[in-house]
Amino acid sequence: MNEYIDSRELQQMKEQLAILTQKLDKETIVNERLMRRAMKEKVTKMQRNALIKGIAIAFGIPYTIGIFHMLGVSAWLCAFTILFLAVALVFDYHTHNVLKPREALYGNLMDVQKKALRIKQAYQNWLKVSIPFLIIWCTWFLYELSLQAHIPTEAIITGFVCGGIIGGLIGIKQYNKVQRTADEILEQIEEMQV
Amino acid sequence: MVREHKNTIYTVCFMFSNDSDEVNDLFQEVLINLWKGFESFEGKSKIDTWIWKVSFNTCIDQERKKKRHSPIPLSMGIDLFNDKDDDTRQVKMLYDRIHRLKPFDRAIVLLWLENMSYEEIAAIVGITAKNVGVRLYRIKEELKQMSNQ
């Protein structure tokens, strides 16, 4: 008897759930604000990451001076490195300052789309600048270190390989993250425009 | 992804809400959590399982906090709380039954109604399959009592 009641009750609930699903099938998501809020979260996250990166670079400048001084590296290489870090800092600020979270929530979608594309493009351009720089920098740095008799070769190689791998992975991750986030924002806008 | 699973998400939100505004709040919250979590979704489980899990966790979490946002427009062009047609009456009956259960039990019974196995339910709600069986037995008893009232 219990089994019968259970089955009847639950069978009825299943039928009711099927009705609900049928009703929902006919509906579409119409809330633009919902999508905009999600978009705003993405922009905020992107800006937060850029801020963290900016702070790390800002702290990296005096740190670089100290380390380079300790290693006995030339002032030219030190200046070259600091110049790059300063350019990276400016790039970071200018790239992410174009699109504000508030704009994603209330702004014109076309503008948001253009700005998201600009961020994406800026990072691609930055890659074209930073890779040649890093090749020159690495060669120069290794050359200067090899001139320092007090630093063992093994230490140079180990430090260089570890630093290169860690730095490279962080860089690739950052680049992919920004590209992916910008793509997600663009997809979201396209969906809203359909 | 959202479009494909909107029914699942909306059904969960509906069963955890008290009115239309709350459904929309929850729906919004779930979508944001899905969007935020998508990056960290590693594909270890099926996408459906992950969506159920995020939906339930969001709704149960909100149930605890009872956090409300300012009213926003409908997230779907439907008002299951106020429509009066026959189908909506049936849906309301389902809602009344499920909504009288505890939040965690609501999740289990909804998944069971979706014809999921105990193992699948267990994977979504984070308990053992055996525990799912025990809880479902109690839920059935509770539902039976409701209909006798």
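Within residues 161-182 of chain A, the residues having any heavy atom under 4.5 Å from a heavy atom of chain B are, by residue number, A:K177, A:R180, A:T181. Residues of residues 115-130 of chain B lying within less than 4.5 angstrom of chain A, judged on heavy atoms, are B:N115 in numerical order. Close approach to chain B, defined as a heavy atom under 4.5 Å from one of its heavy atoms, is seen in no residue of residues 120-132 of chain A.
When hydrophobic clusters are built by joining Ile, Leu, Val, Met, Phe, Trp and Tyr residues whose side-chain heavy atoms come closer than 4.5 Å, directly or via intermediates, A:L142 is grouped together with A:F68. In the hydrophobic clustering of ILVMFWY residues, with side-chain heavy atoms under 4.5 Å counting as a link, A:L89 and A:L85 come out together. Following chains of ILVMFWY side-chain contacts shorter than 4.5 Å, one cannot reach A:L117 starting from A:M110, and the two form parts of different hydrophobic clusters. The same ILVMFWY cluster, assembled from side-chain heavy atoms under 4.5 Å apart, contains both B:I47 and B:L110. Linking Ile, Leu, Val, Met, Phe, Trp and Tyr residues whenever their side-chain heavy atoms come within less than 4.5 Å leaves A:L134 and A:I57 in two separate clusters.
The minimum heavy-atom distance between A:M13 and B:L113, with the atom names listed, is CB-CD2, 3.8 Å.
Annotation for A:Y63: atom OH does not count as buried by contact number, only 12 or fewer foreign heavy atoms lying within 6.0 Å. Residue A:F160 qualifies as enclosed at atom CZ: its count of foreign heavy atoms under 6.0 Å is above 12.
No part of B:Y95 comes within reach of chain A, as not one of its non-hydrogen atoms sits under 4.5 angstrom from that chain. Neither the backbone nor the side chain of A:E15 comes within contact range of chain B, judged by heavy atoms closer than 4.5 Å.
Between chain B and the options A:E184, A:K42, A:E41, the largest number of non-hydrogen pairs under 4.5 Å is found for A:K42. Listed options B:T8, B:I98, B:L34, B:V91 were ranked by heavy-atom pairs under 4.5 angstrom with chain A; first place goes to B:V91.
Qualifying salt bridge (charged side-chain N to carboxylate O under 4.0 Å, His left out) partners for A:E144, counting only residues two or more places apart in sequence or in other chains: none.
The structure places CD1 of B:I32 at 12.0 Å from CE of A:M39, a figure rounded to the nearest 0.5 Å. Note: B:M93 CE to A:Q16 CD = 5.0 Å, rounded to the nearest 0.5 Å. For the atom pair CD (B:Q90) and CD (A:Q22), the distance works out to 11.5 Å, reported to the nearest 0.5 Å.
Side-chain atoms of A:L20 and B:M15, non-hydrogen and from C-beta on, do get closer than 4.5 Å to each other.
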